[in-house]
Structures are given as structure tokens and as C-alpha cells.
Amino acid sequence: MSIRHHLTDELLMAYAAGILPEAFNLVVATHVSLCDECRARLGAYEALGGAVLEDVPGAAVSVGSLAATMALIRDRGKDPIVAPPQAPRPASGLFPAPLRSYVGGDVEVVKWRPMGGGVRQAILPSSKDATVRLLYIPAGAAVPDHGHRGTELTQVLQGAFRDDADRFGPGDIEVASEETQHRPVAEAGADCICLAATDAPLRFSTMLPRIVQPFFRI
Amino acid sequence: MLTGCGSLENPDAKREQRSYAGLGAALRRSNGWAMEAVTGSAEDNLAELLLRVRDGQDEAAFATLFGHFAPRIKGFLMRSGAAEALAEEVAQDVMATVWQKAGLYDPARAGAATWIFTIARNRRIDALRKQRRPEPEDVGWGPEPEPDQAAAMELQQESEKLAEALRGLPPNQRVLIERAYFGELSHSEIAAETGLPLGTIKSRIRLALDRLRREMS
Ligand SMILES: [Zn+2]
């Protein structure tokens with residue numbers, strides 16, 4: 001998989017710092033699972049977190065804090081956890097582990113809901129400060145024209161889409177901001193499956209009247 | 001489930017194949033940092049202590065780690081907005097988790113402070129925000145046939161260098177980096193509180209990162 005569109009420094013740092021909404025965390029974790037370059041960059045931002053922790057002014061712990069911690073360790077069973085064998089992604093699998101755990105399986109268990117024009121979506125559970133969903137766009141079909149009120153991340157899992165400026169293929173992530181007005185269209189070939197997160201409702205300018213947006217949660 | 005900073009770039013083909021890359025390599029790849037081999041002696045050894053907990057369930061080593069990290073974790077959590085009692089409780093919980101998960105610690109992939117930071121961060125998200133924390137899929141490095149001491153030592157030296165570079169930042173840049181990691185406030189909340197325009201905050205963070213990259217090269 002040759003990835004051309006990556007996470008921004010700002011997003012990687014915010015993910016390492018743990019300050020993104022859960023919906024964004026899921027998209028970032030999914031991209032990093034697929035992208036060695038961003039995985040390595042994330043390592044650097046986590047190391048910066050380690051440096052910040054080293055430098056933070058300490059707060060005195062209470063008397064008996066160590067003893068209380070040792071008691072906690074004994075209560076939990078003293079043996080250190082050894083590396084659990086991680087089930088490798090099946091060769092046929094489409095979803096990386098973090099996404100699989102939110103969906104409860106791979107693409108075949110997704111409960112799609114039609115959005116019109118052959119486009120389908122499935123909203124995944126996450127905290128309310130942002131929304132994350134899977135999108136299924138038939139090859140050749142247009143994603144409804146929309147602008148963004150906040151940040152939108154779109155991770156391509158299968159197929160590809162194009163907008164006026166660029167092409168996004170498997171593994172690529174599009175980071176769109178408020179200013180982005182685009183008209184993405186799925187390429188001919190494989191149907192396009194994406195994982196998308198937004199921190200604000202989308203403004204659909206053609207397909208849905210704004211009043212039904214809360215109903216569709218888009 | 002925990003990801004740390006990888007080891008340094010290593011000419012060993014096997015490692016390359018596993019896309020094993022570390023701090024310097026990572027920063028260089030996306031941002032043009034050049035990493036030089038760091039020479040010098042590793043003085044301390046938090047990573048060493050963590051290995052003694054991992055391999056020998058060494059309570060004395062754990063007590064030393066506790067003395068070093070527990071107050072920092074507590075301070076970190078209080079800066080993140082936790083009341084003192086909660087910060088104390090969570091710090092103890094984090095240190096107990098350090099003991100339990102020590103078996104997963106690989107000093108060639110993350111420095112001790114980095115690894116413990118990721119545990120504290122995840123626990124903070126869980127305790128303060130009541131959210132799940134999706135983590136990237138493990139790349140399945142598998143257990144190393146032999147401990148990679150050179151990589152571990154190099155990583156440790158790099159971590160020390162990074163900590164120094166952070167300390168050397170101008171205060172108005174450094175404070176913004178720290179606040180981001182404390183998760184105290186979002187950029188727009190920092191903007192509201194300090195009266196600084198959002199663009200200024202973002203550009204100061206960018207400047208700070210550029211400077212760290214230069215220091216590391
Ligand atoms: Zn990437």
C-alpha cells in the first residue's frame with residue numbers, strides 16, 4: 001500500500017497527548033495501523049510526552065503511597081503480564097484492529113444504513129464531542145457536496161475517491177478544514193469504503209435539507 | 001496495546017523490514033531532521049530499573065521507579081485538572097499498571113519515561129474523560145531473539161537529548177507544548193484564556209517543534 005496522504009503534525013501530537021475526541025482517536029489509530037511512516041512519527045511525539053513527564057514539577061505523594069501501591073499490585077495478582085499473543089489481522093480482513101474492535105468485527109458485520117444515491121453509512125459509538133462513521137460509496141458515485149464547520153478526517157480503507165484537487169486511495173487520509181468545499185467522487189473500480197470523523201455537523205448543500213441532519217447524525 | 005517510541009534506525013535488514021524506526025528517523029522522515037549517532041555514556045537508568053521489575057519482579061527497583069515517577073504522574077494529573085485525591089489514586093493505579101505491564105516493556109522501542117507517559121495518558125483519558133482510547137494495531141515485532149542493547153542505549157540517549165532540548169525552548173513556546181500534553185486545555189481554550197490568537201498559539205507550537213528538530217539534528 002503506497003500512502004501519499006498522511007496525518008498532520010498537529011493531529012499526531014494531539015493524539016500522542018491524548019487531547020483529541022474519541023472519534024478522531026479512532027481514525028488516527030486506524031491510519032497509524034496502516035502507515036509505518038505515521039507510526040514512526042507518532043513514536044517521536046510520544047517521546048516528547050515522556051520528556052514533558054520527566055520535567056513536570058512533582059506533587060508529593062501521600063505517606064504510605066508506595067505501600068498502598070504494593071498492596072494494589074498484590075490484590076491484582078503479583079505476576080507481571082506477559083505479552084498477550086495478538087491475533088494477526090486475517091489476510092482477507094479490511095479493518096485494522098482498533099476499527100475492528102469498534103465495529104465488533106470486519107466489514108461483513110457492519111450495519112449499513114442507506115443515505116440515498118447508493119451511499120450508505122454506519123455511525124460508530126464514540127463520545128459526543130465528535131462523530132465517527134463508516135461510509136460506503138459505490139464506485140463512480142458522488143459523495144454529497146458538503147462544506148465543513150470543523151475538521152473532518154477521511155481515511156480510505158478500500159477503493160479511492162477524487163475531489164477537484166487530489167486523489168485519495170487505500171491507506172490515504174484526507175484532513176479537511178473549515179475552508180474545504182469539495183465534491184468527492186468514488187473512482188470507478190472497487191466500491192469505496194472510508195472511515196470519517198467530524199467534530200461539527202456537515203453542511204450538505206445539495207442532498208439533505210439541514211433540518212434532517214440531526215436525524216441522520218451527519 | 002501500548003506504543004512507545006521505536007528504536008533508532010538500524011542498518012540491520014531484518015529491522016528495516018519490520019519498519020523499525022525511532023525518534024530521529026521518525027522526525028527526519030517527515031520533517032527533514034537528520035539524526036547523528038549520539039555518543040557518550042548513559043548515566044542513569046530508569047530503563048534498567050524497569051527491566052529489573054520486568055525480569056526479576058524486583059521490589060527495590062520498583063520502589064526507586066516509584067520515587068521518581070509517582071510524584072511526576074501525580075503532578076501531571078493535577079495539571080490535567082484532577083483534584084489532589086484523584087491524582088494520588090490514579091498515580092498509584094498507574095504505577096501498579098507499570099508493574100503489571102512491565103512484561104510488555106521493550107527498551108529498544110520506548111524510553112522508560114515515554115512508556116510510563118503512555119500508561120498515565122491512557123489512564124487519564126479513562127479516569128477524567130471516561131472514554132475508550134483506540135490504540136494502533138501492534139505490528140507484531142514478536143519477541144526479540146536477543147535483547148537489542150545497542151538500540152536501547154541509543155534510544156535512551158536520544159530521549160535525554162530530547163528532554164534537554166525541551167528544557168532549552170523559550171518559555172512561551174515550551175509552556176504551550178507542556179499544556180498540550182497535560183491536556184489541560186484545547187488550543188481554542190488556551191486562546192480564550194490567554195487572549196492569544198489561535199494562529200499565534202499554533203505558530204508557536206510549530207516553532208517549538210522546528211526548534212526541537214534542529215536540536216535533535
Ligand atoms: Zn501516514
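Convention: sequence-line order gives letters A, B, ...; per-chain numbering from 1. FYI, side chains are in, hydrogens and waters are out, and symmetry mates aren't considered; it's all heavy atoms of this structure.
- Note on A51(A), A59(A), G58(A): by heavy-atom pairs under 4.5 Å with chain B, the leading option is A59(A).
- Interface residue A60(A): only backbone heavy atoms are found under 4.5 Å from chain B.
- Side-chain contact between F66(B) and M70(A): absent, with no pair of heavy atoms (C-beta onward) separated by less than 4.5 Å.
- The CG atom of N25(A) sits 5.0 Å away from atom CZ of R133(B), with the distance rounded to the nearest 0.5 Å.
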Between F117(B) and V52(A), does the side-chain contact (heavy atoms from CB on, under 4.5 Å) criterion hold? Intermediate values first, please.
CA-CA 9 Å; F117(B) 162 74; V52(A) 169; over 6 Å; no
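- Of all heavy-atom pairs between P134(B) and A29(A), the closest is O-CB, 3.6 Å.
- The contact between L20(A) and chain B is made entirely by backbone atoms, counting heavy-atom distances below 4.5 Å.
- S127(A) and R132(B) form no side-chain donor-acceptor contact under 3.5 Å, judged by distance and modelled atom types alone.
- No donor-acceptor pair under 3.5 Å is formed between the side chain of R72(B) and the backbone N or O of V56(A).
- Contact count versus chain A (heavy atoms, under 4.5 Å) is highest, among K74(B), E84(B), E164(B), for K74(B).
- Expressed to the nearest 0.5 Å, how far CG of L209(B) lies from OH of Y45(A) amounts to 4.5 Å.
- Using a 4.5 Å cut-off between heavy atoms, I116(B) touches chain A through backbone and side chain atoms alike.
- Comparing R174(B), K130(B), M95(B), R167(B) by how many heavy-atom pairs each has under 4.5 Å with chain A, the most go to R167(B).
- Of the possible polar contacts, one joining the E137(B) side chain to the A97(A) backbone as a donor-acceptor pair under 3.5 Å is found.
- If you measure heavy-atom distances from T30(A) to chain B, you find no contacts under 4.5 Å at all.
- Options A165(B), A120(B), A96(B) differ in how many heavy-atom pairs under 4.5 Å they form with chain A, and the most are formed by A96(B).
- With respect to E46(A) and R121(B), a salt bridge is recorded, a charged nitrogen being found less than 4.0 Å from a carboxylate O.
- A pairwise comparison of heavy atoms in S33(A) and P136(B) identifies OG-CA, 3.4 Å as the closest pair.
- Under a 4.0 Å N-O distance rule, the pair D9(A)/R206(B) does not qualify as a salt bridge.
- Of all the heavy atoms in Q92(B) and A68(A), the pair that sits closest is OE1-CB, 3.4 Å.
- One distance of note links CG of L166(B) with CD of E54(A); it measures 11.0 Å at 0.5 Å rounding.
- The shortest distance between side-chain heavy atoms of W99(B) and T69(A) does not fall below 4.5 Å.
- For D191(A), the salt bridge (charged side-chain N to carboxylate O under 4.0 Å, His left out) test picks out no residue, with sequence neighbours left out.
- With sequence neighbours excluded, no residue forms a side chain to side chain donor-acceptor pair (under 3.5 Å) with E89(B).
- A distance of 8.0 Å separates CG in L72(A) from OG1 in T97(B), rounded to the nearest 0.5 Å.
- A salt bridge is defined here as a Lys NZ or Arg NE, NH1 or NH2 lying under 4.0 Å from an Asp or Glu carboxylate O, and R76(A) with D93(B) meets this definition.
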Using side-chain contact (heavy atoms from CB on, under 4.5 Å), reason through Y181(B) and I19(A) one step at a time and then give a plain yes or no.
CA-CA 8 Å; Y181(B) 279 90; I19(A) 57 177; over 6 Å; no
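- Put simply, CG on L26(A) and CD on E135(B) are 11.5 Å apart, with the number rounded to the nearest 0.5 Å.
- For A91(B), no part lies under 4.5 angstrom from a heavy atom of chain A.
- For E88(B) (side chain) and S62(A) (main-chain N/O), a donor-acceptor pair under 3.5 Å exists by modelled atom type.
- Note on P21(A), G49(A), A14(A): by heavy-atom pairs under 4.5 Å with chain B, the leading option is G49(A).
- Both the backbone and the side chain of A16(A) come within contact range of chain B, judged by heavy atoms closer than 4.5 Å.
- Interatomic distance, W115(B) CH2 to L53(A) CG, rounded to the nearest 0.5 Å: 13.0 Å.
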